[in-house]
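For reference, the structure is listed below as structure tokens.
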Amino acid sequence: MSFVNNFRALYNIVMEWDRQKFIDTVARFIDYTAKRLPDDVVARLKEMADRETDERAKVMYACMLEDLDRADASSRPVCQDTGLVQFFVTVGSECKLLPLLPSALKEAVEIATSTAPLRPNAVEFPSENNTGTNTGKGVPFIEYDIVPGSDELRLTVYLQGGGSALPGRAAVFPPSVGFNGIAGFVADAMVEKGINACPPLVVGVGVAGCMATAAKLAKHAALRKIGVPSPDAEIAVLEGKLKEVLDEIAIGPQGVGGTSSVIAVNIDTACHHPSSMGVAVQFGCWAMRRGELIFGTDGVVCPTHGGFEV
């Protein structure tokens with residue numbers, strides 16, 4: 001019996017050490033993500049700046065890139081609105097951290113809120129009380145995808161700002177509206193509130209059987225790596241066509257006009273009902289603060305931010 005108790009005590013010590021190491025790493029990464037954009041987003045912004053011909057837009061891109069440099073040099077958030085923290089977790093059923101994730105991720109957010117610091121953005125409804133910690137009922141948002149038999153954990157962190165959420169839309173249409181109807185729906189959303197979202201924008205579109213499923217797919221599409229088209233060749237073509245439509249709106253960086261309106265357009269789909277089709281659009285601002293950590297048996301890998309020390 002004493003052997004069993006000693007083993008349990010040792011196991012608890014090891015688990016607590018792993019939990020604290022995990023919390024510290026995630027807290028540091030949230031802090032880092034608020035202050036440095038992922039490598040692919042920075043590369044795309046520089047490409048757009050180089051291709052821009054409108055003089056006002058060129059000045060605005062220069063301001064954006066200077067903002068990134070100053071945020072990095074001073075270790076300050078890229079934007080004063082550090083958003084609400086969202087986690088998208090792909091985790092193996094054999095991962096020992098799985099039972100600890102809800103409490104560990106909450107604690108990591110609270111630590112990062114203090115250290116970065118992050119602006120407190122978690123507001124309760126209907127009291128409108130700010131919790132002050134970026135945690136509370138339903139936040140941080142955590143979505144799980146369980147992989148049977150695996151012991152790996154892939155963690156995507158997204159800091160969703162208030163402005164980029166404003167143009168978001170979801171609706172149900174008859175399938176007869178086709179691609180043109182979907183493109184018009186997305187374009188109307190961009191025209192109505194796109195400037196509020198701090199363009200150029202990342203645009204994620206979901207098409208599915210209902211609004212809820214479409215909204216989920218739209219969020220995942222918005223988080224896709226910049227420059228990676230849909231693996232479905234037909235959808236990839238539609239992504240290109242929709243990008244052309246949205247760029248023609250010519251909102252430009254911060255709404256000053258220019259040759260481009262979007263950083264990327266990504267579409268994700270699921271089967272829909274013969275008589276109805278859910279469509280949703282999710283926008284991300286130019287400061288697309290998302291990043292990924294991979295926790296495996298060989299350690300931690302960060303594929304999105306080359307400068308992050310794991």
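Just so we're clear, the structure is a prediction, and the values are computed from it rather than from any experiment.
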Can you give me every donor-acceptor pair (side chain of residues 222-230, partner residue at least two apart or in another chain, under 3.5 Å) with its distance?
residue	atom	partner	partner atom	Å
Arg224	NH1	Val228	O	3.1
Arg224	NH1	Glu239	OE2	2.9
Arg224	NH1	Asn266	OD1	3.4
Arg224	NH2	Glu239	OE2	3.1
Arg224	NH2	Ile267	O	3.0
Ser230	OG	Asp232	N	3.1

Between [Y] and [X], is there a salt bridge with N-O shorter than 4.0 Å?
| X | Y | value |
| --- | --- | --- |
| Asp40 | Arg44 | no |
| Arg28 | Asp24 | no |
| Lys241 | Glu244 | no |
| Arg169 | Glu192 | yes |

Got [X] and [Y] here, is their nearest side-chain heavy-atom distance under 4.5 Å?
| X | Y | result |
| --- | --- | --- |
| Phe308 | Val300 | no |
| Leu37 | Leu45 | yes |
| Val89 | Ile142 | yes |
| Val207 | Met277 | yes |
| Val205 | Leu242 | yes |
| Met211 | Val279 | no |

Quick one: list whatever passes side-chain contact (heavy atoms from CB on, under 4.5 Å) with Glu124, sequence neighbours left out.
-> Ser127, Asn129, Thr131
Who pairs with Thr53 by side-chain contact (heavy atoms from CB on, under 4.5 Å), at least two apart in sequence or on another chain?
-> Thr259
Distance, nearest 0.5 Å, that separates CZ of Phe29 from SG of Cys302 | 4.0 Å
Interatomic distance, Asp39 atom CG to His305 atom NE2 [nearest 0.5 angstrom] | 7.0 Å
Return all side-chain donor-acceptor pairs below 3.5 angstrom for residues 280-289, not counting sequence neighbours, or 'none' if the list is empty.
residue	atom	partner	partner atom	Å
Gln282	NE2	Gln160	OE1	2.8
Arg289	NE	Ala287	O	3.4
Arg289	NH1	Asp81	O	2.6
Arg289	NH2	Asp81	O	3.2
Arg289	NH2	Leu159	O	3.4

Evaluate whether atom CG of Asp50 has more than 12 neighbouring non-hydrogen atoms of other residues, nucleotides or ligands under 6.0 angstrom away.
-> yes
Could you tell me whether Lys58 atom NZ has more than 12 heavy atoms of other residues or ligands within 6.0 Å of it?
-> yes
Give the table of side-chain donor-acceptor pairs shorter than 3.5 Å for residues 97-106, with sequence neighbours excluded, one pair per line with atom names and distance.
residue	atom	partner	partner atom	Å
Ser103	OG	Arg19	NH2	3.3
Ser103	OG	Leu100	O	3.3
Lys106	NZ	Glu110	OE2	2.7

Ring center gap for Phe141 and Tyr158 short of 6.0 angstrom | no
Taking only distance into account, with no hydrogens and no angle test, what donor-acceptor pairs under 3.5 Å do side-chain atoms of residues 66-73 form with protein atoms, sequence neighbours excluded?
residue	atom	partner	partner atom	Å
Glu66	OE2	Arg70	NE	3.0
Glu66	OE2	Arg70	NH2	2.8
Asp72	OD1	Arg36	NE	2.7
Asp72	OD1	Arg36	NH2	3.2

Kindly indicate, with the supporting measurements, whether the criterion side-chain contact (heavy atoms from CB on, under 4.5 Å) is fulfilled by Glu94 and Ser150.
-> CA-CA 6 Å; Glu94 304 302 316; Ser150 172; over 6 Å; no
